[in-house]
Amino acid sequence: MRLMRIGEPGQERPVLVCPEGLHYDLSGITDDIDGAFLAALADNPHLVPAEPVLPEIDITGRRIGAPVARPSALLCIGQNYAAHAAESGAEPPEQPILFYKSPNTVVGPYDDVLIPRGSKKTDWEVELAVVIGRRASYLDSPADAAAHIAGYAVSNDVSERAFQLEESGGQWSKGKSCATFNPLGPVLVTADEVGDPQRLRLRSYVNGEPRQDSVTADMIFSVAHLVHHLSQYLVLEPGDVVNTGTPQGVALSGRFPYLGAGDVMEVEISGLGRQRSVCRPA
């Protein structure tokens, strides 16, 4: 199943996307694609009826929002690809590095990204986002993780490296929580349709030029490991989003210039879609 949200910010409506390119209005089933809906869907996989029962909707010219309403938590895993850790000047971590982004950083996949005032080091990071569908606390093993995952989406963990590393005071969130710093979507693809999340290709581009190109098989800590691990320290709620780390090929490496106003970021993951974000001054 592929889900999306259509409409202006704060007025999005839930939509079911079908393989043949048709879209169906889910407003009669749920007010939004949020934690409550995802929890209900986890308990009743047949909550969404077959497409012909639902009213068709034309999304031509409509804004596409993030496929999940503002999460209660936006958790991020740092340096989860060995090559990215190396280009960041760090050894691969022995256990997952956790940091938070403010949930209000989440925007749609084609919304503008605002370069913060005073920024000179705004960077891109294509990531696989895991969306939680069932409350997870003290899971017994990584094998239990799948039952708690609603699905997956494309995420861009936009970062300001000076704020993150030079003005951080020891934490990364200053450089991660600027307005618009987490484009998400275009769709939420349910876990059953994605299959193995460790077989996905991630790519990013700036102004049409390739930057990142990797596969989720290169993660140091798998999706299942991450969900199990996090559940030992905190409670994951339905609708929460976990960014699982980015591969090599970011500006922090020194191989590419940082972003400026007018630059265009494009990020994609096989089977999950593609984003396009234009950078504008805040």
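The closest side-chain heavy-atom distance from S155 to L184 is below 4.5 Å. No side-chain heavy atom of H225 sits less than 4.5 Å from a side-chain heavy atom of M219. By the 4.5 Å heavy-atom criterion applied to side chains, L128 and P197 are counted as neighbours. At a threshold of 4.5 Å between non-hydrogen side-chain atoms, the residues P93 and F221 count as touching. Y81 is listed as a side-chain neighbour of S214, based on a closest heavy-atom distance under 4.5 Å. The side-chain heavy atoms of L139 and V227, taken from C-beta on, include a pair separated by under 4.5 Å. Between S270 and V215 there is no side-chain heavy-atom pair separated by less than 4.5 Å. Residues V206 and L259 meet the side-chain proximity criterion, which asks for heavy atoms closer than 4.5 Å.
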For I29 and L47: C-alpha separation, side-chain torsions, deciding distance, then whether side chain to side chain contact (heavy atoms under 4.5 Å, CB included) applies.
CA-CA 8 Å; I29 306 297; L47 179 64; 4.1 Å; yes
Please step through salt bridge (Lys or Arg N to Asp or Glu O under 4.0 Å) for the pair E125 and R161, ending with a clear verdict.
CA-CA 12 Å; E125 291 191 0; R161 303 302 187 185; 2.7 Å; yes
Audit row: L16, L3, side chain to side chain contact (heavy atoms under 4.5 Å, CB included) steps and yes/no:
CA-CA 5 Å; L16 174 67; L3 303 168; 4.1 Å; yes
In sequence, state the C-alpha distance, the side-chain angles, and the governing distance for L54 and V48, and then conclude on side chain to side chain contact (heavy atoms under 4.5 Å, CB included).
CA-CA 9 Å; L54 299 168; V48 177; 4.3 Å; yes
Would D111 and T180 count as a side chain to side chain contact (heavy atoms under 4.5 Å, CB included) here? Give the steps.
CA-CA 8 Å; D111 290 346; T180 72; over 6 Å; no
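Among the candidates T216, N243, I220, the single residue satisfying the side-chain contact (heavy atoms from CB on, under 4.5 Å) test with N80 is I220. When each of R276, R203, Q275 is paired with E268, the side chain to side chain donor-acceptor pair (under 3.5 Å) condition holds for R203 and for no other. Exactly one of R70, R13, R5 qualifies for a salt bridge (charged side-chain N to carboxylate O under 4.0 Å, His left out) with D32. That residue is R5.
Nearest heavy atoms, G108 versus P183: O-CB, 3.8 Å. Annotation for K176 and D157: closest pair NZ-OD2, 3.0 Å, computed over non-hydrogen atoms. The two residues I132 and L38 have their closest heavy-atom pair at O-CD1, 3.9 Å. Taking each heavy atom of E160 and T122 in turn, the nearest pair found is CG-OG1, 3.7 Å. Among all heavy-atom pairs drawn from P71 and V106, the shortest one is CD-CG2, 4.2 Å. Across all their heavy atoms, P67 and L188 have their closest contact at CB-N, 3.4 Å.
When atom types are taken as modelled, the side chain of D240 and the backbone of L236 share no donor-acceptor pair closer than 3.5 angstrom. Not a single donor-acceptor pair under 3.5 Å links the side chain of K174 to the backbone N or O of G169. Between the N207 side chain and the V264 main chain, a donor and an acceptor come within less than 3.5 Å of each other. Distance alone, capped at 3.5 Å, is enough to place a donor-acceptor pair between the E193 side chain and the M1 backbone. A distance-only check finds no donor-acceptor pair linking the side chain of S204 to the backbone of V126 [under 3.5 Å]. A donor-acceptor contact shorter than 3.5 Å is absent between the side chain of E87 and the backbone of A83. A donor-acceptor pair under 3.5 Å is absent between the side-chain atoms of D123 and the main chain of S159, judged by distance alone. Judged by distance alone, with hydrogens and angles left aside, the side-chain atoms of H148 form a donor-acceptor pair with the main-chain N or O of R135 at under 3.5 Å. With hydrogens and angles disregarded, a donor-acceptor distance shorter than 3.5 Å links the side chain of S173 to the backbone of Y100. Looking only at distances, no side-chain donor or acceptor of S277 sits under 3.5 Å from a matching main-chain atom of V113.
From S102, atom OG reaches atom CG of N182 across 10.0 Å, with rounding to the nearest 0.5 Å. Note that OH of Y258 and CG of L252 are 4.5 Å apart. Values are rounded to the nearest 0.5 Å. With rounding to the nearest 0.5 angstrom, the CE atom of M265 is 12.0 Å from the CZ atom of R211. Residue L165 holds its CG atom at 7.5 Å from CH2 of W172, rounded to the nearest 0.5 Å. Put simply, CG on L230 and OG on S137 are 11.5 Å apart, with the number rounded to the nearest 0.5 Å. Between atom CG of residue L74 and atom CG of residue N104 there is a gap of 10.0 Å, rounded to the nearest 0.5 Å.
Side-chain atoms of S72 and E237 form no donor-acceptor pair, as typed in the model, at a separation below 3.5 Å.
Under a 4.5 Å side-chain heavy-atom criterion applied to ILVMFWY residues, the cluster that includes V235 comprises that residue alone.
Linking ILVMFWY residues whenever their side-chain heavy atoms come closer than 4.5 Å, directly or via other members, places L75 and V223 in the same cluster. Linking Ile, Leu, Val, Met, Phe, Trp and Tyr whenever their side-chain heavy atoms come within less than 4.5 Å puts L272 and V267 in one cluster. A continuous path of Ile, Leu, Val, Met, Phe, Trp and Tyr side chains, each step under 4.5 Å between heavy atoms, connects I97 with V250, placing both in one hydrophobic cluster. Under a hydrophobic-cluster definition in which Ile, Leu, Val, Met, Phe, Trp and Tyr are linked whenever side-chain heavy atoms come within less than 4.5 Å, directly or via other members, V194 and I33 are assigned to different clusters. Hydrophobic cluster membership is shared by I6 and Y110, with clusters built from Ile, Leu, Val, Met, Phe, Trp and Tyr side chains linked at under 4.5 angstrom.
A 6.0 Å sphere centred on CD of Q171 holds no more than 12 heavy atoms belonging to other residues, nucleotides or ligands. Applying the 6.0 Å contact sphere to CD of E94 captures no more than 12 heavy atoms from other residues, nucleotides or ligands.
E12 has a carboxylate O that lies under 4.0 Å from a charged side-chain N of R63, or vice versa, which qualifies the two as a salt bridge. Contact check on E209 versus R255 returns no salt bridge, with no Lys/Arg side-chain nitrogen under 4.0 Å from an Asp/Glu carboxylate oxygen. Ion pairing of R201 with D213 is present here, as a side-chain N (NZ or NE/NH1/NH2) and a carboxylate O approach within less than 4.0 Å.
In this pair, H229 and Y233 present their aromatic rings tilted. The plane angle is within the 30 to 60° band.
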